[in-house]
Amino acid sequence: MRRITIILLAVYGLITIFSCANRGIGPQGGPKDATPPQVVKYSPADGCTNMTKSHIEITFDEIVTLDNPYQKVIVSPPQKTPAEIKAISHKVVVNFIDSLIDSTTYTIDFTDAIQDNNEANKLKDFSYSFSTGDHIDTLQISGKVIEAENHNPVDNIIIGVQSNLDDTAFTTLPFRRITKTNAEGAFTVRNLAAGSYHIFALQDMGSNYMYDMPNEKIAFLDTVLTPICHADIRRDTIYNPEDSTMIDTVITHTKRHFEPKNILLQAFVEPDLRQYLIKSERKERHKIDLYFNLPMDSTPVLHPLNFADSLFNPQVSFSINRDTLTYWLPDTALWAIDTLQFALHSDTVVDTLQMVYRAAKKPMNKTNGSMNGDKSKKEKNGRKGEEQTPKATPKLAVASNASQTFDVYKPLEIKFDMPTKMNNQYSYRLEIKKDTLWVEAKKVGKITQVDTAGTRFKFEHEWLADTTYRLVMDSGLFTNMVGLTSGKETLSLKTKKLEEYSKLILHLKNFKGNEVVQLIDKDEKVIREMKVSGADMTFEYITPGVYYMKLFRDENGDGKWSPGKYSEHRQAEAVFYFPFDIELRAFWDVEEDWDPESMPLLKQKPKELIKTSEKK
């Protein structure tokens with residue numbers, strides 16, 4: 001008996017120790033709830049007719065909440081005064097404020113706004129419908145909206161249909177039926193009546209369900225859509241379990257299919273033809289920048305307000321697209337004025353400008369607490385009786401893109417921080433390093449001005465690979481707007497080896513003659529661009545790596561992608577993606593065939609490039 005007692009105590013002790021060492025093991029509350037809430041009851045019934053009530057209740061099997069209902073829940077036809085939609089315990093309640101239209105089918109599309117209270121499991125693609133007439137319209141159409149420029153899905157944009165097929169309906173009449181796209185850009189317009197429709201996408205900034213603001217994103221199809229429904233019937237035969245040759249039951253399954261279901265809308269924002277000043281700034285004392293939304297045909301006039309006209313004799317330069325203007329201030333007296341006031345006048349813009357310069361704060365000197373660059377009195381004045389060395393005349397600073405890993409296809413760029421002119425009475429020369437000696441090159445490129453201001457110059461030359469060069473420029477070759485001249489300058493560079501490059505050879509099919517092909521990286525930054533002159537083209541001197549290809553058809557010949565225009569029934573210029581990535585290896589030639597129209601647009605863009613709202 002004593003032995004049995006000892007054994008029982010030992011077993012109990014082991015169990016206690018084991019349970020203490022494994023406190024995480026035990027009742028864990030079961031698996032996580034992943035089931036969305038389910039409908040228990042509708043009041044009135046879903047799909048009811050001759051509806052007269054303005055109050056709707058939908059009861060669920062658990063407590064529910066609404067996620068951003070005024071953005072996600074869509075009532076169609078749209079309401080002038082939004083319906084009141086809220087969650088109360090197990091119920092979702094809808095109260096209509098507007099009067100209901102007679103003989104009309106209504107749809108309340110909750111998308112994924114309904115979710116349970118505990119785990120936020122969403123009830124997706126849930127909708128409720130009723131009719132104020134004697135029947136429910138049941139047809140539907142579906143599709144997807146993508147950005148015309150980059151094929152990314154467009155989420156939360158309104159999809160509207162018009163039974164009025166006049167061109168002006170989109171700009172003068174609110175949509176009759178609407179829905180919104182989800183995160184993948186997909187949509188379904190439900191409860192349509194039989195008939196013909198135009199379909200549109202609209203980023204409705206005016207909240208009036210019509211296109212009447214210049215910056216609204218839109219998409220449209222000129223095709224007239226006629227929704228239809230067809231049924232597939234499938235019969236399952238159940239045989240008698242006692243006699244397999246005898247049919248016991250035939251069950252008929254009917255599945256309805258709605259068409260069209262693969263509508264593709266490509267969205268864009270029309271160019272805003274109203275010209276206005278976006279912003280003005282004075283980042284540096286000696287210049288003023290004005291940014292406009294459109295290229296300027298003429299130079300705006302600035303009238304000084306807080307200083308004398310005689311001090312203001314600027315040099316004006318335009319950006320390449322003529323939408324940014326820079327006013328350079330050669331009179332150093334203006335540099336000392338922190339705030340310059342102007343009246344701006346142009347053909348399209350009249351404004352008053354306050355151009356404030358805020359100097360960057362200098363870091364504190366750790367040893368004496370003074371600002372770096374502020375010399376002590378002793379340093380400024382020198383020692384008593386000591387002869388002061390005269391200051392050297394300052395020289396014009398010259399910047400460049402010269403490096404020891406210089407690309408053979410690039411020009412040598414020379415940059416200045418203010419307008420500069422080149423003095424042709426002075427010279428420059430190019431030298432090549434051979435062994436340890438510098439030898440003057442026989443064929444030398446020219447230095448040419450790039451921009452209208454003279455802040456950028458370039459020296460173009462047919463560089464040899466794996467070669468060291470230096471461009472030697474005489475003193476006085478450049479003079480800027482305040483009279484500073486350059487000293488003797490030497491710009492040294494070494495070009496890369498050919499073994500450090502890769503080459504991409506492309507054979508283009510379905511060649512139209514207006515294609516522009518872009519080599520892009522994973523962030524869709526354009527690495528190289530080429531206007532196609534023939535079906536065969538080559539990208540040379542490419543740094544090894546993984547790349548992608550994009551193409552657009554330059555219909556207007558301006559060399560850049562252009563959006564469409566609704567009033568002209570013109571879609572955005574077509575964009576295509578090569579469907580795979582391309583790995584370019586050092587000292588390798590890669591050859592690819594590409595037919596941009598061989599694959600549907602929605603399947604072209606590589607998945608790793610697609611940016612959805614959730615990824616953003």
Side-chain angles (χ1 to χ4, degrees), residues 39 41-59 69-70 72-85 92-114 123-143 157-165 169-170 173-182 186-202 204 207-210 224-231 254-261 263:
V39 176
K41 180 183 177 182
Y42 295 100
S43 179
D46 182 25
C48 68
T49 57
N50 298 309
M51 175 78 156
T52 57
K53 296 181 178 180
S54 59
H55 179 82
I56 298 166
E57 292 184 357
I58 305 172
T59 306
Y70 288 100
K72 291 188 173 183
V73 181
I74 306 111
V75 178
S76 184
Q79 308 291 289
K80 291 181 180 178
T81 303
E84 182 185 52
I85 304 170
V92 171
V93 178
V94 180
N95 287 308
F96 282 97
I97 310 301
D98 280 352
S99 300
L100 299 177
I101 305 171
D102 292 336
S103 302
T104 300
T105 297
Y106 278 80
T107 306
I108 306 174
D109 190 347
F110 290 91
T111 60
D112 63 353
I114 299 174
L123 179 60
K124 295 183 178 181
D125 299 322
F126 176 68
S127 65
Y128 170 90
S129 60
F130 64 88
S131 175
T132 55
D134 57 6
H135 72 281
I136 285 275
D137 297 322
T138 59
L139 296 174
Q140 62 186 45
I141 57 178
S142 57
I157 192 170
I158 290 175
I159 305 299
V161 296
Q162 288 283 10
S163 57
N164 184 330
L165 303 182
F170 185 31
L173 299 175
F175 294 136
R176 183 66 173 175
R177 301 205 69 80
I178 63 169
T179 188
K180 281 186 178 180
T181 56
N182 62 16
F187 67 86
T188 299
V189 184
R190 296 180 171 89
N191 299 109
L192 286 169
S196 298
Y197 298 91
H198 275 153
I199 189 169
F200 306 91
L202 173 65
D204 190 17
S207 300
N208 57 3
Y209 304 102
M210 65 178 75
V224 175
L225 304 178
T226 304
I228 60 171
C229 175
H230 58 87
T254 303
K255 186 175 182 179
R256 296 193 301 169
H257 297 275
F258 296 95
E259 301 284 352
K261 61 181 180 180
I263 301 167

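Any value given below was found using the heavy atoms of this structure, including those in side chains, with hydrogens, waters and symmetry copies removed.
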How far apart are the closest heavy atoms of [X] and [Y], and which atoms are they?
X	Y	result
Pro260	Pro227	CD-CA, 4.1 Å
Pro77	Thr104	CG-CG2, 3.8 Å
Ala113	Val73	CB-CG2, 3.9 Å
Met51	Cys48	SD-SG, 3.9 Å
Asp98	Thr81	OD2-N, 3.0 Å
Gln162	Arg176	OE1-N, 4.5 Å

task: Start with the C-alpha distance between Ile228 and Leu139, add both sets of side-chain angles, then the distance that settles side-chain contact (heavy atoms from CB on, under 4.5 Å), and finish with yes or no.
output: CA-CA 7 Å; Ile228 60 171; Leu139 296 174; 5.6 Å; no
Distance, nearest 0.5 Å, that separates [atom1] of [X] from [atom2] of [Y]:
X	Y	atom1	atom2	value
Phe175	Asp204	CZ	CG	7.5 Å
Asp125	Thr188	CG	OG1	7.0 Å
Thr226	Leu192	OG1	CG	11.0 Å
Ile157	Phe187	CD1	CZ	10.5 Å
His55	Phe96	NE2	CZ	11.5 Å
Gln79	Ser99	CD	OG	9.5 Å

By side chain to side chain donor-acceptor pair (under 3.5 Å) - contacts of [X] (at least two apart):
X	value
His135	Asp137
Asp112	Lys72
Ser76	none

- prompt: Counting N and O atoms only, with roles assigned by atom type, does the side chain of Ser131 sit under 3.5 Å from a partner on the main chain of Gly133, one being a donor and the other an acceptor?
  reply: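 The answer is yes, because a donor-acceptor pair under 3.5 Å joins these two groups.
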- request: In sequence, state the C-alpha distance, the side-chain angles, and the governing distance for Cys229 and Thr138, and then conclude on side-chain contact (heavy atoms from CB on, under 4.5 Å).
  value: CA-CA 9 Å; Cys229 175; Thr138 59; over 6 Å; no
For residues [X] and [Y], determine if any side-chain heavy atom of one lies less than 4.5 Å from a side-chain heavy atom of the other.
X	Y	value
Ser54	Asn95	no
Ile263	Ser142	no
Ile141	Val161	yes
Asn191	Ile136	yes
Phe130	Leu100	yes
Ile101	Thr132	no
Tyr128	Val94	no
Asn182	Thr111	no

- prompt: For the residue pair Phe200 and Phe170, does the interplanar ring angle fall in the parallel (under 30°), tilted (30 to 60°) or perpendicular (over 60°) class?
  reply: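 Phe200 vs Phe170 ring planes: parallel.
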query: With distance as the sole criterion, is a donor-acceptor pair present between the side chains of Arg177 and Thr105 under 3.5 Å?
result: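 Side-chain D/A pair, Arg177 to Thr105: absent.
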- request: Tell me, with the steps shown, if Phe110 and Leu123 meet side-chain contact (heavy atoms from CB on, under 4.5 Å).
  value: CA-CA 9 Å; Phe110 290 91; Leu123 179 60; over 6 Å; no
task: Quick one: do Arg190 and Ser127 satisfy side-chain contact (heavy atoms from CB on, under 4.5 Å)? Show the steps, please.
output: CA-CA 9 Å; Arg190 296 180 171 89; Ser127 65; 3.7 Å; yes
